[in-house]
Amino acid sequence: MESEYKKILILYNSGLDYFISYFENQGIQTKRTYSESRLLLRILRRAFASLNFSQAFWYGDWKKTLPALKTVIVFADLHPEVLKYIKKVNKNVRIIYWYWDPVFRLGPPKKWIYKIAEMWSFDPDNCLKYGFKFNRTFYFRNIHLRKTATEYDVVFVGNDKGRIEYLQTLQNVFSKLRINGYYHIIPEKQNRDKIQYQEIPYVDYLNLIAKSKALIDVKPLGQSGLTIRVMESIFFKKKLITNDNSIINQDFYCSDNIFIQGMDREDQLIEFINSPYIELEAKIVERYDVKSWLERFNI
């Protein structure tokens with residue numbers, strides 16, 4: 001399998017650069033579509049795109065490897081034109097267009113994409129609506145937390161995504177129960193104070209997880225796929241407090257590890273947080289590792 005990875009390229013267009021090195025550590029060539037991310041060059045690139053000029057000039061060195069590749073997995077973004085370029089350079093390459101976000105964040109897929117790429121998503125509802133193939137979301141078993149003392153009962157770090165009122169209500173409930181929490185809710189861009197609401201680097205967020213007993217998971221409106229908070233809970237063996245009622249049907253569900261808001265009794269929340277985490281079978285955790293994710297594409 002490792003040798004097969006040499007013929008795979010992942011064009012990673014997601015927001016967390018932190019994960020790129022973990023793909024690479026698995027022997028999987030993983031690159032950003034565009035070689036340069038500085039603001040001025042991004043503006044120039046977008047100007048070229050608005051004039052319908054080819055974007056190939058801006059692509060990274062990965063384009064030199066295209067002729068030798070068997071499979072390219074492209075993380076869906078707002079600029080799918082790269083798919084045409086890939087197919088033009090290597091007409092025999094297999095292209096997998098992977099949605100790691102719900103479709104509504106990018107807009108409905110253009111019809112021409114279906115003709116040159118396989119459409120896959122982590123979101124079951126999107127798969128039904130748009131005719132995608134389903135693959136579970138994933139995480140990395142080689143990401144580890146540092147050992148440190150516990151400081152928080154619960155932690156939430158994330159963008160608003162229509163969840164801010166619910167999160168604030170939840171925060172008030174926890175405060176009344178004297179549950180010690182760390183909350184960093186980042187408003188939508190138009191509502192942000194640049195100083196107060198800076199995003200927390202993922203490595204710093206991992207340190208917060210290390211200091212906490214439980215993670216708060218609030219599934220955004222319009223999303224049916226599992227969030228990354230769920231993956232972190234599984235891989236780091238942290239309790240999970242979620243509003244996702246459907247999680248009860250997942251293979252990793254355990255009432256000792258997962259508290260479902262609106263279903264489980266609020267007066268048992270403190271006991272839930274302070275009770276030991278029940279370790280899952282290794283084969284269940286393995287299903288959500290990045291290598292298993294790749295295997296489900298039949299690579």
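Count residues from 1 along the sequence. Below, all heavy atoms of this structure are taken into account, side chains as well, without hydrogens, waters or symmetry copies.
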Practice problem: Examine F156 together with Y183 and report whether their ring centres are nearer than 6.0 Å. | Solution: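 No; Y183 has its ring centre 6.0 Å or more from that of F156.
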
Heavy-atom distance under 4.5 Å between the side chains of [X] and [Y], does that happen here?
X: V155; Y: L215; value: yes
X: W120; Y: R296; value: no
X: Y130; Y: V103; value: yes

Short side-chain donor-acceptor distance under 3.5 Å, [Y] and [X]:
X: S121; Y: N126; value: no
X: S246; Y: D244; value: yes
X: R146; Y: N207; value: yes
X: K219; Y: N243; value: no

Looking only at heavy atoms, what is the nearest atom pair of [X] and [Y], with distance?
X: L69; Y: N90; answer: O-ND2, 3.1 Å
X: D123; Y: G225; answer: OD2-N, 3.1 Å
X: I247; Y: Y253; answer: O-CB, 3.4 Å
X: L226; Y: F122; answer: O-CE1, 3.4 Å

Quiz item: Which pairs pass ring-ring contact (aromatic ring centres under 6.0 Å, His included) with one or both residues in residues 273-294, sequence neighbours excluded?
Solution: W98-W293, F138-W293, F252-Y288, W293-F297

Exercise. Can you establish whether the number of heavy atoms outside K237 located under 6.0 Å from its atom NZ is more than 12?
Key: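 Open.
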
Quiz item: Is the number of heavy atoms from other residues, nucleotides or ligands within 6.0 Å of CG (D61) greater than 12?
Solution: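 For D61, atom CG is not crowded (no more than 12 foreign heavy atoms under 6.0 Å).
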
Carboxylate-amine/guanidinium contact [X] [Y], below 4.0 Å:
X: K291; Y: E286; result: no
X: K213; Y: E151; result: no
X: R94; Y: E118; result: yes
X: R265; Y: D267; result: yes

[X] side-chain N/O to [Y] backbone N/O, donor-acceptor pair under 3.5 Å:
X: T30; Y: I10; answer: no
X: D264; Y: I260; answer: yes
X: N13; Y: F75; answer: yes
X: K31; Y: G60; answer: no

Exercise. Give the ring-plane orientation class for Y99 versus F132, where under 30° counts as parallel, over 60° as perpendicular and anything between as tilted.
Key: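 The arrangement is parallel - the two ring planes meet at less than 30°.
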
Quiz item: Taking the inter-plane angle between the rings of Y139 and Y202 on a 0 to 90° scale, is it parallel (under 30°), tilted (30 to 60°) or perpendicular (over 60°)?
Solution: tilted

Side chains of residues 170-178: which donor-acceptor pairs under 3.5 Å do they make with residues two or more places apart or in other chains?
from, atom 1, to, atom 2, distance (Å)
N172, ND2, Q168, O, 3.3

Quiz prompt | K239 to F272 six-membered ring, cation-pi geometry met (6.0 Å, 45°) | solution =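 The answer is yes; both the distance and angle limits are met.
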
Practice problem: Might you work through the ring pair (Phe, Tyr, Trp, His ring centres under 6.0 Å) test for F140 and F23, ending with a clear yes or no? | Solution: CA-CA 8 Å; F140 301 85; F23 279 115; 5.0 Å; yes

Self-check item: Worked check of side-chain hydrogen bond (donor to acceptor under 3.5 Å, both in side chains) between Y205 and E199
Solution: CA-CA 10 Å; Y205 169 62; E199 294 190 9; over 6 Å; no

Quiz item: Taking a hydrophobic cluster as the set of Ile, Leu, Val, Met, Phe, Trp and Tyr residues connected by side-chain heavy atoms closer than 4.5 Å, whether directly or through intermediates, do Y97 and L128 fall within one such cluster?
Solution: no

